[in-house]
There are 2 protein chains.
Amino acid sequence: MEDEGPAERPLTRIQQKNRQTILEAALEVFSQHGFRGATLDQIAEGAGLSKPNLLYYFPSKEAIHVELLSTLMDAWLAPLRALDPAGDPVEEILDYVRRKLELSRDYPRESRLFANEVLQGAPRMMDALEGDLKSLVDEKAAILTRWAEAGRIADLPPHHLIFSIWALTQHYADFDVQIRAVLGPGHDPYEEAEGFLDTLFRKLLAP
Amino acid sequence: MEDEGPAERPLTRIQQKNRQTILEAALEVFSQHGFRGATLDQIAEGAGLSKPNLLYYFPSKEAIHVELLSTLMDAWLAPLRALDPAGDPVEEILDYVRRKLELSRDYPRESRLFANEVLQGAPRMMDALEGDLKSLVDEKAAILTRWAEAGRIADLPPHHLIFSIWALTQHYADFDVQIRAVLGPGHDPYEEAEGFLDTLFRKLLAP
DNA sequence: AAGCCGTTTGACCAATCGGTCGGGAACAGG
DNA sequence: CCTGTTCCCGACCGATTGGTCAAACGGCTT
């Protein structure tokens, strides 16, 4: 029987469009002010909808935030998932660095949303950090360890190597205003960073 | 006339103590929730004082925040100021890395306060970033360039080298919960980071 | 035309926000 | 003791917060 149960509603076109609009506006506001600093009125204005209408599509302010975070986590972890144990070690890691830097460049608001959440103790993400994230990192760290034991990359603490990639790439999104203030006009931080990080990790990983 | 105007009062012992208590409590709250997310009631409770009493010592919530930020900037820039053009290049830079990592370890709340502010566009710190910070960084970047031209360290973009130090050291304070969640129990992130960052920058700076 | 269901909103609510005010408590110096 | 200044707080204020609700709107089928 092709009968759909009463639980699963197919989502109208209007619902899909408005949910998207709301999430887009919410990302803008949450990433700038953090969860507690953001207001539903700001999000509503950004989305061009009335406040009660927001709460017609999402049950609460927190639900919007949680939806953003969970959607974000997948995209955020994808580059690390792509790390291939069968590939060339140095090039695999450099690919990871490159993809992570591209995320910072193309989705800085998502990076800042994540940073805001972790900065405040990750109250809505602890499970994901200790669960999916930790197991994924542990798995990939094991690959790095094997590469190091085979003498194909330098012998470095694998977890901290991964942390350094996170730190160096996300820094360009999270501290964007500081970087631009210090560099002054006439610079493309991300383009310069790409070459610098390439050099950095090639030197670091050389056995 | 040498008459003292009504503006300069010497600050009572009680004033000094209570101002300190308030700033300590405010640091705790601001660093966790950001400016907009923090409330005077939280700060007052943390300081063990009544809310009107806070506003007896500080004219507004923003004044407390500004006071914290300006005090912070000095301590934050001190390690970079200490970079000595007459010293051994690699050791000078490694000293800087070490001092910066110690700041993250010993004053993580200050680091998160700073991160929160920059993350939100540094609305109360733009002047400092484009003024004192930029000129200090430019000055020290010139030293790095000279060292590179003399072949005493690797030829790297000096600004991004400094950014990498900031990113790698502050990451351990700002993303503390993520790092501990991924590492699991039984780790001392800062001790492990010290060795890792020492290795990283020695490899990176080698000509 | 009628009815229906997804959509939208103005009016409203209790709670909380940053900040004020007037008066009392504590501590001087005389 | 009295007097003045510093210190402290309960009560309160207007504005804003996240969230509710009943009523109305819209397009679609019958």
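Lettering follows sequence order; numbering is per chain, from 1.
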Is any NZ, NE, NH1 or NH2 atom of the basic residue among B:Arg105 and B:Glu194 found under 4.0 Å from an Asp or Glu carboxylate oxygen of the other?
-> no
Would you kindly give the CG-to-P distance between B:Leu54 and C:dC17, to the nearest whole Å?
-> 13 Å
Enter the inter-axis angle for the ends of the helix from C:dA1-D:dT30 to C:dG30-D:dC1 (five pairs per end, rounded to 10°).
-> 10°
Nearest-Å distance, CZ (B:Arg19) to C1' (D:dC7)?
-> 15 Å
Interatomic distance where NZ belongs to B:Lys17 and P belongs to C:dA26 [whole Å] | 14 Å
OP1 or OP2 of C:dT8 less than 4.0 angstrom from a side-chain nitrogen or oxygen of A:Tyr57, does that happen here?
-> yes
Cut-off 3.5 Å, side chains only: do B:His33 and B:Asn116 have a donor facing an acceptor?
-> no
For the pair A:Asp176 and A:Arg112, find out whether any cationic side-chain nitrogen is under 4.0 Å from an anionic carboxylate oxygen.
-> no
Under 4.0 Å: is that the gap between some side-chain N or O of A:Tyr56 and OP1 or OP2 of C:dT8?
-> no
Is the B:His160 to A:Tyr172 ring centre distance short of 6.0 Å?
-> yes
When rounded to the nearest 0.5 Å, the distance separating CG of B:Leu72 from OG of B:Ser111 is 8.5 Å
A:Leu49 CG to C:dT8 C1', in whole Å, measures 9 Å
In terms of side-chain geometry, is the basic nitrogen of A:Glu67 or A:Arg19 positioned less than 4.0 Å from the acidic oxygen of its partner?
-> yes
Atom CD1 of B:Ile22 to atom P of C:dG19: distance rounded to whole Å?
-> 13 Å
Rounding to 0.5 Å, atoms OH (B:Tyr56) and CG (B:Leu49) come to a distance of 12.5 Å
Quick one: do B:Arg109 and B:Glu24 make a salt bridge, cutoff under 4.0 Å?
-> yes
Residues A:Arg202 and A:Glu91 bridged, charged N to O under 4.0 Å = yes
If only side-chain N and O atoms of A:Asn18 are considered, is one of them under 4.0 Å from the OP1 or OP2 phosphate oxygen of C:dT8?
-> yes
Sugar-phosphate or base contact per nucleotide [nucleotides 16-25 of chain D; S, B, -; heavy atom under 4.0 Å] | -SBBBB----
